[in-house]
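We use all heavy atoms of the structure for the numbers below, so side chains are in, but hydrogens, waters and symmetry mates are not. Remember, predicted model here, so these are calculated numbers, not experimental data. The sequence lines fix the lettering, A, B, ..., with proteins before strands; numbering per chain opens at 1.
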Amino acid sequence: MTALLLRDLKLSVRAGGGALIGVLFFMTVVAVIPFGVGPDLNLLSRIGPAIVWIGALLSALLGLDRLFQTEREDGSLDLLLMQEHPLVLTVLVKCLAHWLGNGLPLVIASPLLGLFMNMDEVAIGATMLTLLVGTPALTFIGAVGAAVAVALPRGGLLVSILVLPLAIPVLIFGVSASYAAVEDPAPFMPPFLILVAITMFFAVLGPLGAALALRNAGD
Amino acid sequence: MTALLLRDLKLSVRAGGGALIGVLFFMTVVAVIPFGVGPDLNLLSRIGPAIVWIGALLSALLGLDRLFQTEREDGSLDLLLMQEHPLVLTVLVKCLAHWLGNGLPLVIASPLLGLFMNMDEVAIGATMLTLLVGTPALTFIGAVGAAVAVALPRGGLLVSILVLPLAIPVLIFGVSASYAAVEDPAPFMPPFLILVAITMFFAVLGPLGAALALRNAGD
Amino acid sequence: MIKILMKVSSMRLLAENLSARRGEDLIFTDISFDLGAGESLVLTGRNGSGKSTLLRVVAGLLHAETGRVSWISESSESGMRAAEACHYLGHRNAMKAELTVFENLGFWKDFLGDAEDGKGISPGEAAESVGLGGIIHLPFGYLSAGQQRRMAFAKLLVAYRPVWILDEPTAALDVSAEAVFTELIKAHLAAGGILLAATHQPLGLENARELRMAGFAGVTEERW
Amino acid sequence: MIKILMKVSSMRLLAENLSARRGEDLIFTDISFDLGAGESLVLTGRNGSGKSTLLRVVAGLLHAETGRVSWISESSESGMRAAEACHYLGHRNAMKAELTVFENLGFWKDFLGDAEDGKGISPGEAAESVGLGGIIHLPFGYLSAGQQRRMAFAKLLVAYRPVWILDEPTAALDVSAEAVFTELIKAHLAAGGILLAATHQPLGLENARELRMAGFAGVTEERW
Amino acid sequence: MTHTFYIAMSYAVAAVVILCLIAWTWLDGRARQKELAELEASGIRRRSAQPTGDAA
Amino acid sequence: MTESLAISKFSDLANPTRFLALAARILPWMAAATVIVFAIGLYLSFTTEGDYQQGATVRIMYVHVPSAWLSMMCYTVMAVSAIGTLVWRHPLADVSHKAAAPLGAAFTLIALATGSLWGKPMWGTWWVWDARLTSVFVLFLMYLGLIALNRAMDDPSRAARVSAVLILVGFVNIPIIKFSVDWWNTLHQPASVIRMGGPTIDQEFLWPLLIMAIAFTLLFFTLHVMAMRNEIWRRRVAAQRRMAARLAGREA
Ligand code: HEM
Ligand SMILES: Nc1ncnc2c1ncn2[C@@H]1O[C@H](COP(=O)(O)OP(=O)(O)OP(=O)(O)O)[C@@H](O)[C@H]1O
Ligand SMILES: Nc1ncnc2c1ncn2[C@@H]1O[C@H](COP(=O)(O)OP(=O)(O)OP(=O)(O)O)[C@@H](O)[C@H]1O
Ligand SMILES: [Mg+2]
Ligand SMILES: [Mg+2]
C-alpha cells in the first residue's frame, strides 16, 4: 500500500504537476475577485474566507476526474481490482496520494492568499484549519465521480456535475466555521465539528462508493 | 477539414462532454458561490461578472489540456501530422471544434447564470459579449499548452506555467470590460477592444505555436 | 516426493458452466474446465470469438452471466477469490510510461506481494530473465513495442502467483523472445503453476490442453 | 500496355543515408533504399532494433539525424513531402473508441482524401474486404483486439495512397485474417503500390526485399 | 401584479409540465409498440415466443 | 434438471413479461383513480378559504408541496431500485430507476417553479440562495446528471449499475433537503405536515393538501409504470433488432 502511495505521489510530481497547477489556478481565482469587488479592503476581507474556500474547492476538483481513468487506460486498473487488499483500501490510498499531491499544497498556499485578501490573522488561521480538515472530503467525494468516469469513455465533466452538489455542504460548513472564528457571537466549534464529521463520513462513504462503482464498471 | 470539425464535435457530444454537460458544470460552479458568500443579493450582483467569468475560465480549461493528448494516445496524431493540409489549419479547426462544443454553450448559458447572480440586464449583456469575444482566446492559449504537453512526456508542470499566466490577461480584461459597462465612470470600449485584440492575437499565435510544438514533438 | 506431488495436486482452478455477455450478445455459454498443478489450457479461435472475454471472466474482471470460477488450494481459506491467485497479462501492459522500468517492476512487486508457497524474484533479475537486463533504468515509454511486452511479462516474475492468465503474450515479440517466453512458462508449469492463455500462435508447450472458442452464442433477448 | 508500365515505374520512394537517434543513441546509420512501383521492403530484426524508428523516419514523424527521404512521381511537384504519399499504420490504430467503425472510417476517408491516380473504396466495402462487413455500426472500442487491427487496416483502403508503411500489421490477427491481409497487400502491389513493412512473422510475399536491422549503431558522441 | 396571477401561473406551469410528461410517456409507448408490431410483421419474434423451442 | 430449475427460478424473479401483463391489468385502474382524485383535489383546493396571512396564494401550496414531496419520494424510489440493481441484479430494478429519473426531474421542476412563483408575492423575490432552495436545485441538477449519464452510455446494464452507485451516493441530499430548514434557519417554511408530533397545519388546508398529495402520488406511479413498460419495450426492440442483424450476417 505504501508502494501505491509512493508511486502516485511520484507520478503527480513527475507527470501531471498537480500541485503547481492547482496552486496557480487557486491564485488566479483569488487574484481576479478584487476586480469584481473593487479596492474596498473591508469588503475584501469580509468575503475573503469564502473566496479562498471557493478557489480551493474548484482547484481541488481539477484533475480529480482522471484519478482512475489513467489507471484504466494502461491496464493497471485490472491488476488493482484483482488484488486481495480490500478495494476500498486501495481507493483510500489513492485518494490520500491525490490529496497529498493536490490538496495539501492548497492548504499551505492559503495563508498567502489570505494576505492578498486583507484578512486578519485569526481569519487566516481559521481558514487554513478548515481547509486542512475540509479538502480531504472533497477528494473523497471526487473519487466517487472518478470511479464512475471510468465506466464512461470520456466522462470527466459529467462526473464533476454529479459530484459537485455533494461538495456543497463541505463548502457551507467550511465557510461558516471560518466566519465564526472572526465574528464573535457565532461559536466556532459547532460548524467546525460538523465539517470534521462530514470529512469522516465521506472518508467512509467515498471509498465505498468508488469501490462499488469500480467493481461494477467492469468491461 | 469539415470532416475533422464534425468528428471533433461528434466526439464532444458523444463522449459525455459537450454542450449540456459544460453548461451543467458551469451552472453548478455558479450555484456553489452564493453558499460561500452568503445570500446577500447586492454583493452577489457586484461580484457576479467576476464569478461568471471565473466559471467560464474553469469550464473552458477543463479537458482542454488533453486536446492533442487523446489524439496522440490512439495514434491519430501521427496521421494528422502526415497530411498535406497545413498543420496550422488542422490545429485551428480543432480549436474551433473545441470552442463550439465547450465554449459557445457557456456563452449561451451565461445570461441564465447572470439572473441567478442577480445581475442587471446591462451587466448580463456585457458579460455575455465579453465571454463571446474572450473564450476563443482561452481555447487558443490552451491549445499551445496542449501541444507542448504532447511534446514533453513529463510536461505537465510546464504547461500550467505556460497557460495560466497567458490566460490571466484575458480574464482581467474580460472582467474589467464587464464592469466598465455597468459602472459609469469607466469606459467600456478600451478594455473590450483590448480583449478583442488579445483574441485576434492568440487566434494567430496559438495555432502557430501549437503547430510548431507538434512538429517538434516527434517521437 | 509423494508429499510434494500431493501438495501440488491439491491446487485447482475450477470453472463451472461459465457464460458471459458483451452488450446484449452472449459470447459463450457453458464453458467448464478444471486445471490442476502443472496443467495448462490454451484458448484459440478466430478474432472476436471471445478469448479475451473468457480470460477476463476468469480473472474476475467481468461478471459471468452464469456459472462460477473457484480456486481450491490446501493453504487457502475456502472463501478466497480465484482472482487473488492469478496474474493477468492483458492486451495492455499495466506499466506507467513516465516511470522507469525499475520503478514500475518495483511497484508491482511491492503492491502485489507473493502468494503463499512461492517467491518472486527481484526486478533486476526479472528483466534479466526476459533478456533486457541492461535497460531497466529507462522510462517505460521509451521502450520499443516488443521490449514493453517483455517487461510486462517480467512483471509476472517479480511477484509469485500460481495461476498465470495471459492474453496473447507473444504479440509483437521477435523469435528469440518467443523462445524465452516458452522457457519461462515451462519453468512455471514445472514448478506446479497453472497456465491459461489465449493465443493465435502456438506457444510450443507440450501436452497443453486446447479450447477452441466459437464466438457468438446467442442474444440474451429472453431477458426482456 | 507500355504506357501504363512507364507511368507506374516513374513512381519511386527514395531513402538516402538515413540515420536516426533515440535519446542519445544512434539506432541506425546509413540506410538507403530505392523502391519502385510494385516493390516491397520488409524490415526484420530483434525487438528494439529500430524497425519502428525507421518507419517513423520515412513517414516524416521523426527527424532523421542525417540523410533524406524523397518521393518522386510523374504527377507530383518536386517539393512534395514523401509523407503525403504514404499511409502509416503504427502500433496504435488511430481510431476513436467512442465512434462507430463507420464513423471512424468515414472520417479518415474524408480527411485524408485520395492521392492522385488512385481511388479509395467506401467504408462499407473496406470493412467487407477485411472480413468484418457485419459489425461496421459498432463503436470501435467494443471490438476485440484482432477486429480492431483489421479495421485499422481497412483504413488503408478507404483513401488511396501509393505507399503503405506498416508496422507489424499482423499482430493479434488470427490465421485467416493474416491470409486476407497478404491478399490485400499483394493486390496493392500488383496495382503499382509500394510497401514498407516491419514484421516478426513472414508476410507471405514473394520477391519482397528484406532489410535486417541490427540495432544500436553507436552513440552520437562526435557531436560533443 | 395580483395574487391571482401567481396562482394561475403556478397551476399553469404545473399543468404544462405534467401534460408534457404524460404526452411524452404516452407517445413513447405508442412508438415502441409500433416498432414491436413492425418487427413482428417482418417475421422476427422472440425466441421464447416461438413454438419450435431453442435452436442453440 | 437442476440447471433449468435454477434458470426458471431466476427468470421468475426477474420476469419482464410478467410485469408487462401486470401493468396492462392495473394501468387502467390507476389512471382512472388518478383522474378522480385529481378532480376532487382540484375542486377542494379552489373552494377552500384563503389564509388570513398569505391570502389566496395559499392555493399555490396545493401544487407546490405535493410536487416537492414527490421530488424527494421519486429519488427514494430510485434509491431502492438502485439497491435492487446492485444487490440482486434485477433487470426490472435497472428499468425502474432509469424510468423514474425524468419523472423526478419534472416534479422537481414544478416544485422549483411554483416555489418561486410563491416566493415573489411572499418574500418579494423569485429566488434566494437558502439551503432548502439550493438543495432542491441540486436535486434537479442530479436528476439531469443521471439522465445525461444514462444517455452517455450505450450498454444499458452497465449504465444501470453505474448510475445506481451514483444514486445511492447522492441520496445524502434527501435528508439535507428535508432537514435544511431545521439546520439553518432560512426564509422557507418549516415542516408542518410531515413532522414529529403531528401536523400543525389548519384542518381547512390539510384536506385539500392531502388529497392533492395522493393525486400526485397516484400520477407518479401511473407514469412510472408506463415509463417502465416503455423501457422494457425499447430493450425488447433493441434485442430483437440485434438478433435479426446477427442472423442476417450469418446467412450472408
Ligand atoms: C423555489 C422555491 C422553493 C422550493 C425549492 C421549495 C421547496 C420545498 C420542499 C422541498 C418542500 C417539502 C419539505 C418537507 O416536506 O419537509 C416544501 C414545502 C413547503 N413549502 Fe416550499 N419551496 C419553495 C418556495 C416556497 C415558498 C415561497 C413558500 C411560501 C411562502 C413555500 C411554502 C412551503 C410550505 C408551506 C411547505 C409545506 C411544509 C410542510 O408542511 O411540511 N415554499 N417546499
Ligand atoms: N526516447 C528514447 N530514448 C532512448 N531510447 C529510446 C527512446 N525511444 C526509443 N528508444 C530505443 O530505441 C530503440 C528502437 O526502438 P524501435 O521501436 O524502433 O524498435 P523496433 O525494432 O520497432 O522493436 P519492436 O520489434 O519491439 O517493435 C529501442 O531500443 C528503444 O529502447
Ligand atoms: N460492449 C460490447 N458490446 C457488444 N459487443 C462487444 C462489446 N465488447 C466486446 N464485444 C464483442 O465481443 C466479442 C469478443 O471479444 P474478445 O475480445 O473476447 O475476442 P477475442 O477472442 O479476444 O479476439 P482477438 O483474437 O481479436 O483478441 C467481439 O466480437 C467483440 O466485438
Ligand atoms: Mg483478445
Ligand atoms: Mg516496433
Side-chain angles (χ1 to χ4, degrees), chain B residues 1-18 20-21 63 66-94 96-98 101-102 147 150-154 211-219, chain D residues 20-23 52-53 55-65 71 76-77 79-100 102-113 115-116 139-141 148-149 152 155-156 158-159 161 163 165 167:
Chain B
M1 276 300 142
T2 37
L4 185 61
L5 188 71
L6 285 178
R7 179 190 73 153
D8 274 20
L9 280 177
K10 219 183 274 177
L11 275 177
S12 78
V13 173
R14 184 86 39 101
L20 172 71
I21 282 150
R66 294 186 50 78
L67 189 63
F68 299 110
Q69 195 71 45
T70 49
E71 302 281 338
R72 181 201 186 197
E73 273 162 14
D74 66 14
S76 304
L77 187 62
D78 292 341
L79 303 199
L80 297 182
L81 285 175
M82 281 171 68
Q83 295 325 301
E84 55 192 319
H85 314 282
L87 187 55
V88 182
L89 200 65
T90 309
V91 173
L92 194 70
V93 170
K94 277 193 76 70
L96 208 64
H98 186 271
N102 297 51
V150 166
L152 311 168
R154 305 167 176 187
L212 202 65
L214 288 177
R215 274 263 174 265
N216 287 292
D219 80 336
Chain D
R21 234 163 20 96
R22 275 290 147 82
S52 303
T53 308
L55 294 186
R56 290 182 74 82
V57 168
V58 174
L61 295 168
L62 262 181
H63 287 284
E65 185 73 0
W71 169 245
S76 75
E77 332 78 87
M80 188 183 177
R81 287 163 51 228
E84 287 162 23
C86 301
H87 261 308
Y88 173 73
L89 175 65
H91 287 298
R92 284 165 297 186
N93 291 324
M95 309 279 260
K96 295 283 170 200
E98 299 91 3
L99 299 182
T100 65
F102 181 80
E103 285 168 331
N104 268 304
L105 290 178
F107 162 68
W108 285 120
K109 183 174 175 62
D110 290 354
F111 183 81
L112 298 178
E116 335 70 81
F140 185 74
Q148 291 190 342
R149 199 69 186 154
K155 201 177 58 205
L156 306 182
V158 295
R161 288 286 186 283
V163 183
I165 301 181
D167 200 350

> Short question: side chain of B:Arg7, backbone of D:Trp108 - any donor-acceptor pair under 3.5 Å?
Replying inline: no
>> If I take atom OG1 from residue B:Thr2 and atom CG from residue D:Asp110, how far apart are they, to the nearest 0.5 angstrom?
In response: 7.0 Å
> What part of B:Glu71 lies closer than 4.5 angstrom to a heavy atom of chain D: side chain, backbone, both or neither?
Replying inline: both
> So how far is it from D:Phe107 CZ to B:Leu11 CG, rounded to the nearest 0.5 Å?
Replying inline: 9.0 Å
> In Å, rounded to the nearest 0.5 Å, how long is the span from CG of D:Leu61 to CZ of B:Arg215?
Replying inline: 9.0 Å
>> Looking at D:Arg92 and B:Glu73, is any side-chain nitrogen of the basic one under 4.0 Å from a carboxylate oxygen of the acidic one?
In response: no
> So which part of D:Lys109 gets closer than 4.5 Å to some heavy atom of chain B, the side chain, the backbone, both or neither?
Replying inline: neither
>> For B:Leu79 versus D:Tyr88, what's the shortest heavy-atom pair and its separation?
In response: CD2-O, 3.4 Å
> In Å, rounded to the nearest 0.5 Å, how long is the span from CG of B:Asp78 to CG of D:Leu89?
Replying inline: 10.5 Å
>> How close do B:Met82 and D:Glu84 get, counting heavy atoms only, and between which atoms?
In response: O-CG, 3.6 Å
> Who passes side chain to side chain contact (heavy atoms under 4.5 Å, CB included) against D:Phe140, sequence neighbours left out?
Replying inline: D:Asn93, D:Met95, D:Val101, D:Asn104, D:Leu143, D:Gln148, D:Met151
